[in-house]
Number of protein chains: 2
Amino acid sequence: MGDEKSWKALGEFIRTQRRLADMSLRQVAQVAKVSNPYLSQIERGIYKPSADILKGIAGALQISAETLFARAGLLEEESTPPSKKGQPMVEQAIRTDPKLSPDQKKALIGVYRGFLGN
Amino acid sequence: MGDEKSWKALGEFIRTQRRLADMSLRQVAQVAKVSNPYLSQIERGIYKPSADILKGIAGALQISAETLFARAGLLEEESTPPSKKGQPMVEQAIRTDPKLSPDQKKALIGVYRGFLGN
DNA sequence: AGCGAGTGCTTGGTATACCAAGCATGCCCA
DNA sequence: TGGGCATGCTTGGTATACCAAGCACTCGCT
């Protein structure tokens, strides 16, 4: 059922985030309350973590659980309830901010997109 | 880790929703691609369904997966109380962006304020 | 009554999520 | 050179999520 691929990608995403936060396997594992080998295996896509494990990992990495769920393909929707559908709120707000120069806007949006994991 | 109580409540919620949709265990189970005994046990709080099972059940009951995840206590409630007027649009948008971690939000806002200061 | 089809539940078993202990390698400092 | 100490990984085992088969019951129908 699980698409295999999603899980693999999820693992890589987690590893990336962990390295980005400059933390070791054991550090994250301890905070997330899982064993370090298991975390390792998750990162390599060998096992599919259950939901509460995912939540723990998200907490340890200080990223939102929703993000991980979405990455794992467990949430169908990109929650885009209000306003504009094509563009995220943040980008829209940045673009329309009169106090920012064009270069600054570009930089900010760049950082923002970087954070989203792309 | 899982609060026991949440899982019990989740099960009752699922059963309620199922009855409300006037469906039998087997019907929902088939659509959700789980066995009917297992679904029964989930409804009685005996087992904690994994995330993809939850997603399947949500689909079968035509309710959003997010709702179930929230019920299961897997998503911390975002509860974005809207609009503070004194705050710039950009900061507000950043703070309420579900895809950003707290640290990332802090960083982004930091960059933004830095730009305004120069 | 008797049966057929519906309901939810119990039970034995299998697959897999998850862990404790330990291995292998690399880095630092005496 | 060699012993701590950190890193990520392997392995054997346990707990539990999940299923197939079947039980006990109820409700219409004839």
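Within every chain, numbering begins at 1; the chains are lettered A, B, ... in the order of the sequence lines, protein sequences first and strands thereafter.
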**Student:** When the distance from NZ of Lys48(B) to C1' of dT16(C) is rounded to whole Å, what number comes out?
**Tutor:**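 Atom-to-atom, Lys48(B) to dT16(C), this comes out as 17 Å.
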
**Student:** Measuring only between side-chain heavy atoms, which start at C-beta, is Trp7(B) closer than 4.5 Å to Ile42(B)?
**Tutor:**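 They are not in side-chain contact.
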
**Student:** Rounded to the Å, how far apart are Ile42(A) CD1 and dC9(D) C1'?
**Tutor:**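 Rounding to the nearest Å, CD1 of Ile42(A) and C1' of dC9(D) are 15 Å apart.
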
**Student:** Could you tell me whether the phosphate oxygens of dA17(C), OP1 or OP2, come under 4.0 Å of any side-chain nitrogen or oxygen in Ser50(B)?
**Tutor:**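 It does not, given that no N or O in the side chain of Ser50(B) lies less than 4.0 Å from OP1 or OP2 of dA17(C).
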
**Student:** For Gln30(A), look at atom CD and say whether over 12 heavy atoms of other residues, nucleotides or ligands are found less than 6.0 Å away.
**Tutor:**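 No, not enclosed.
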
**Student:** Between dT14(C) atom P and Tyr47(B) atom OH, what is the distance in whole Å?
**Tutor:**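 Going from Tyr47(B) (OH) to dT14(C) (P), I get 15 Å.
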
**Student:** Could you tell me whether a side-chain N or O of Thr16(A) sits under 3.5 Å from a main-chain N or O of Glu12(A), the two making a donor and an acceptor?
**Tutor:**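 Yes, Thr16(A) side chain to Glu12(A) backbone: donor-acceptor pair under 3.5 Å.
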
**Student:** Nucleotide by nucleotide, 5' to 3', does protein get under 4.0 Å of the base (B), only the sugar-phosphate (S), or neither (-) in nucleotides 4-10 of chain C, counting heavy atoms?
**Tutor:** ---BBBB

**Student:** For Arg71(B), does the CZ atom have more than 12 heavy-atom neighbours from other residues, nucleotides or ligands under 6.0 Å away?
**Tutor:**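 At most 12 heavy atoms, drawn from other residues, nucleotides or ligands, come within 6.0 Å of this atom.
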
**Student:** Can you tell me the distance, in whole Å, between the NZ atom of Lys33(A) and the P atom of dA20(C)?
**Tutor:**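 Distance, rounded to whole Å: 14 Å.
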
**Student:** Out of Ile57(B), Leu25(B), Leu10(B), which residue meets the side chain to side chain contact (heavy atoms under 4.5 Å, CB included) rule with Glu43(B)?
**Tutor:**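 Looking at Ile57(B), Leu25(B), Leu10(B), the match for Glu43(B) under the side chain to side chain contact (heavy atoms under 4.5 Å, CB included) is Leu25(B).
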
**Student:** How would you list, by chain and number, every residue that makes a side-chain hydrogen bond (donor to acceptor under 3.5 Å, both in side chains) with Arg26(A), sequence neighbours excluded?
**Tutor:**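 side-chain hydrogen bond (donor to acceptor under 3.5 Å, both in side chains) check on Arg26(A) returns nothing, list empty.
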
**Student:** How many Å lie between CD1 on Ile53(B) and P on dC18(D), as a whole number?
**Tutor:**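 Rounded to whole Å, this separation is 4 Å.
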
**Student:** Rounding to a whole Å, what distance do you find between Leu39(A):CG and dC19(C):P?
**Tutor:**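 These atoms are roughly 10 Å apart.
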
**Student:** Mind calculating the distance between CD (Gln30(A)) and P (dC19(C)) to the nearest angstrom?
**Tutor:**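 Those two atoms, CD and P, are 13 Å apart.
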
**Student:** Whole angstroms only, please: what is the CH2-P distance between Trp7(A) and dA17(C)?
**Tutor:**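 Result: 9 Å.
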
